[in-house]
Protein chains: 2
Amino acid sequence: MLVPHHSVLKQLPPFARLSEIEITEVLRSAVPRRYPAGSVVFEQGAAALHFSVLLNGRLRVTQVTPTGEQVVVRIVNPGDIFGIARALRLHTYPGTATAVVESLALSWPMEQWEPLVERYPSFAASAIRVIGERLLEAQSRIREISTEVVERRVGHTVLRLVQQSGVREAEGIRIDFPISKQDLAEMAGTTLHTVSRILTAWEHAGLVDTGRQKLMVKDPHRLLLVADGIEPGLLG
Amino acid sequence: MLVPHHSVLKQLPPFARLSEIEITEVLRSAVPRRYPAGSVVFEQGAAALHFSVLLNGRLRVTQVTPTGEQVVVRIVNPGDIFGIARALRLHTYPGTATAVVESLALSWPMEQWEPLVERYPSFAASAIRVIGERLLEAQSRIREISTEVVERRVGHTVLRLVQQSGVREAEGIRIDFPISKQDLAEMAGTTLHTVSRILTAWEHAGLVDTGRQKLMVKDPHRLLLVADGIEPGLLG
DNA sequence: CGGATTGTTGAGGATACTCAAGTTAGGTGG
DNA sequence: CCACCTAACTTGAGTATCCTCAACAATCCG
């Protein structure tokens with residue numbers, strides 16, 4: 001497999017401020033990896049041996065509780081850093097990453113983390129920002145799950161997907177990777193049944209278009225009104 | 001007011017690997033600030049002008065939702081960095097910090113953040129770790145709120161307080177700052193009424209001792225069993 | 001075409017919330 | 001130091017929300 005060209009890395013914020021020579025240097029210890037759809041990228045509890053950047057595709061990161069319930073922690077989009085357990089002084093991955101579509105990542109041995117952070121201040125600053133954004137997102141989710149009724153929670157979950165993984169199309173904004181009702185439920189802190197009922201109601205109201213692992217938001221503005229509780233819910 | 005001595009800063013991880021001279025330099029732009037119990041340290045939405053380290057006391061960081069409900073984001077303990085909005089490229093504070101007891105902090109102008117991160121790689125690494133720990137904690141809360149019944153959620157909330165702010169005493173572990181049932185509710189994603197009922201049940205079972213803004217865990221081990229769902233709940 | 005995965009829909013019921021009323025504790029000021 | 005006032009807490013009753021359980025339908029894939 002071809003080692004990615006400098007220009008690919010140069011696009012990504014963590015590496016944007018590095019020189020050509022530095023990027024060459026950084027790329028020396030990187031290995032590209034391909035993950036077929038459905039394959040496991042790393043597993044919760046396994047030794048954290050690599051950190052990576054997703055070049056294309058999508059990953060779904062999940063955690064399972066001791067009692068077996070699953071929670072979707074986040075979706076990894078192209079350009080995102082992932083698997084940085086070492087930055088948190090963890091020796092094992094806190095979650096499981098699965099490729100939802102065929103994906104390509106650039107992967108470094110975990111020992112390279114400290115040198116990168118120490119040598120390239122702009123890399124460190126970018127890492128702080130990335131983790132900080134995830135923290136803000138996590139706190140939003142906590143706020144939502146704690147204070148909002150299910151329908152609004154699902155609304156915010158869908159809107160977050162729209163922002164992070166939506167592509168504009170003729171009839172609306174499509175979530176451009178396969179996502180099941182179960183996934184949505186595990187993101188919103190509810191059950192697949194409740195998500196199904198809510199999306200059906202929204203579909204009748206013309207807010208969304210859904211199908212098996214498909215989701216398109218036709219009226220983001222009105223969905224926002226529902227999610228923010230300005231417009232009443234659409235459940236029977 | 002007295003400017004803190006080097007040795008105070010030297011104890012804190014973010015500064016531990018700096019030399020005497022560097023610490024002197026860093027202290028030059030720092031200002032100590034005193035906050036009376038109940039006073040507001042910074043307010044959600046206000047311009048983020050300072051970041052700080054808590055020297056002693058406790059802060060409670062909250063967020064209010066657009067609809068007015070409040071959520072407790074975290075408790076700031078001595079030694080913690082707080083108010084680092086700038087690291088996340090925010091220009092305003094995402095939450096409100098209130099001193100729950102008289103507190104003392106060391107405070108830097110926000111413009112000092114970038115120089116510190118760029119100049120002292122060990123400071124950057126420490127910042128990454130601190131934010132990462134908060135992220136892990138936030139994800140634990142999401143997992144708990146999403147999957148656990150209230151009693152277990154409250155259990156985990158109390159246990160987290162024990163770990164972060166508990167002091168060992170003769171009869172158990174005391175949370176050593178004033179914490180109301182309302183606070184606990186806003187941490188666990190429930191109501192003050194439910195927290196009250198649960199704590200009363202636990203008190204009868206000898207797990208805890210509660211009072212007005214007081215909380216002591218007498219049997220942490222058994223509380224853990226309840227929180228983890230190994231032992232059945234104690235609610236009537 | 002058949003099996004498996006994903007999704008739909010209904011009925012019933014438990015959990016935890018809301019609403020309400022009262023109690024206790026602590027701080028404040030006279 | 002006591003009386004008062006407020007904030008914190010307790011407890012009960014009724015009920016809404018959303019979960020669980022169940023059966024079935026649709027879609028995809030080999």
Side-chain angles (χ1 to χ4, degrees), chain A residues 36-38 60 67-72 98 100-102 144-155 157-158 175 177-186 188-204 208-216 229 232-236, chain B residues 36-38 60 67-70 72 98 100-102 144-155 157 175 177-186 188-204 208-216 229 232-236:
Chain A
R60 188 188 52 220
T67 53
E69 291 103 342
Q70 202 172 65
V71 178
V72 174
T98 311
V100 285
V101 293
E102 152 131 14
E144 289 163 14
I145 305 181
S146 301
T147 65
E148 294 173 0
V149 296
V150 193
E151 185 172 359
R152 295 182 50 198
R153 252 148 60 202
V154 174
T157 303
V158 170
I175 308 304
F177 62 91
I179 183 147
S180 68
K181 307 279 187 290
Q182 178 71 42
D183 290 334
L184 286 172
E186 289 172 8
T190 180
T191 61
L192 119 103
H193 312 274
T194 298
V195 169
S196 177
R197 285 181 237 269
I198 290 171
L199 289 190
T200 301
W202 288 353
E203 185 143 28
H204 290 152
V208 299
D209 234 348
T210 75
R212 189 192 174 89
Q213 307 214 76
K214 287 186 207 335
L215 176 57
M216 178 157 107
L234 304 169
L235 277 180
Chain B
R60 187 188 51 219
T67 53
E69 290 104 341
Q70 204 173 64
V72 174
T98 312
V100 286
V101 293
E102 153 131 13
E144 289 164 14
I145 305 181
S146 301
T147 65
E148 294 173 0
V149 296
V150 195
E151 184 171 0
R152 293 182 50 196
R153 252 148 61 202
V154 174
T157 303
I175 307 306
F177 62 91
I179 182 146
S180 68
K181 308 278 188 292
Q182 178 71 43
D183 290 334
L184 286 172
E186 288 173 7
T190 179
T191 62
L192 118 103
H193 311 276
T194 298
V195 169
S196 177
R197 287 182 235 269
I198 290 170
L199 289 189
T200 301
W202 288 353
E203 186 143 27
H204 290 150
V208 299
D209 233 347
T210 75
R212 190 192 174 88
Q213 307 213 77
K214 287 186 205 339
L215 177 56
M216 177 156 107
L234 303 169
L235 277 179

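Chain identifiers are assigned alphabetically (A, B, ...) following the order of the sequence lines, protein sequences preceding nucleic acid strands; residue numbering begins at 1 within each chain.
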Practice item. Mind checking salt bridge (charged side-chain N to carboxylate O under 4.0 Å, His left out) for B/Glu151 and listing every partner two or more places apart, or none if nothing turns up? Key: none
Check your understanding: Can you name the nearest heavy-atom pair linking A/Leu235 to A/Arg197, along with the distance?
Key -> CD2-O, 3.8 Å
Check your understanding: For the pair made of CD in B/Glu203 and C1' in D/dC9, what is the distance, rounded to whole Å?
Key -> 12 Å
**Study point:** Footprint string (nucleotides 20-30 of chain D, 5' to 3'): B base within contact, S backbone only, - free, heavy atoms under 4.0 Å
**Key:** BBB---BBS--
Review point. Using a distance-only test with no angle check, is there a side-chain donor-acceptor pair under 3.5 angstrom linking B/Thr210 and B/Glu203?
Key: yes
Point to revise | Atom pair distance, as rounded to whole Å: CG in A/Leu235 and P in D/dC18 | key: 8 Å
Review point. How long is the line joining CZ of A/Arg153 and P of D/dC18, in whole Å?
Key: 7 Å
Point to revise | Which atom of B/Glu148 lies closest to which atom of B/Arg153, heavy atoms considered | key: O-NH1, 3.2 Å
Point to revise | Heavy-atom closest contact (B/Thr157 atom, B/Ala188 atom, distance) | key: OG1-CB, 3.5 Å
Practice item. Can you sort out the partners of A/Arg60 under side-chain hydrogen bond (donor to acceptor under 3.5 Å, both in side chains), two or more places apart, ordered by chain and number? Key: A/Asp183
**Study point:** Under the salt bridge (charged side-chain N to carboxylate O under 4.0 Å, His left out) test, residues paired with A/Glu144 that sit two or more places apart
**Key:** A/Arg160
Exercise for review: Check whether any side-chain heavy atom of A/Thr194 lies under 4.5 Å from a side-chain heavy atom of A/Lys181, and answer yes or no.
Suggested key: no
**Study point:** Rounded interatomic separation in angstrom, taking NE2 from B/His204 and C1' from D/dT10
**Key:** 11 Å
Check your understanding: Taking five pairs at each end of the helix from C/dC1-D/dG30 to C/dG30-D/dC1, what angle separates the two helix axes (nearest 10°)?
Key -> 50°
Point to revise | Side-chain heavy-atom pair A/Leu184, A/Leu215 within 4.5 angstrom cut-off | key: yes
Check your understanding: Which whole-number value in Å describes the distance from B/Leu192 CG to D/dT11 C1'?
Key -> 12 Å
Exercise for review: Identify the heavy atoms of B/Leu234 and B/Trp202 that sit nearest to each other, and give their distance.
Suggested key: CD1-CD1, 3.5 Å
Exercise for review: Would you confirm whether A/Ser196, through its side chain, and A/Leu192, through its main-chain N or O, come within 3.5 Å as a donor-acceptor pair?
Suggested key: no
Review point. Contact boundaries of DNA chain C with chain B (under 4.0 Å, heavy atoms), 5' to 3'?
Key: C/dA16 to C/dG26
Practice item. Please report, rounded to the nearest Å, how far the C1' atom of D/dC9 is from the CD1 atom of B/Ile179. Key: 15 Å
Revision key, fill the gap. A/Glu151 CD to D/dC19 P, in whole Å, measures 13 Å
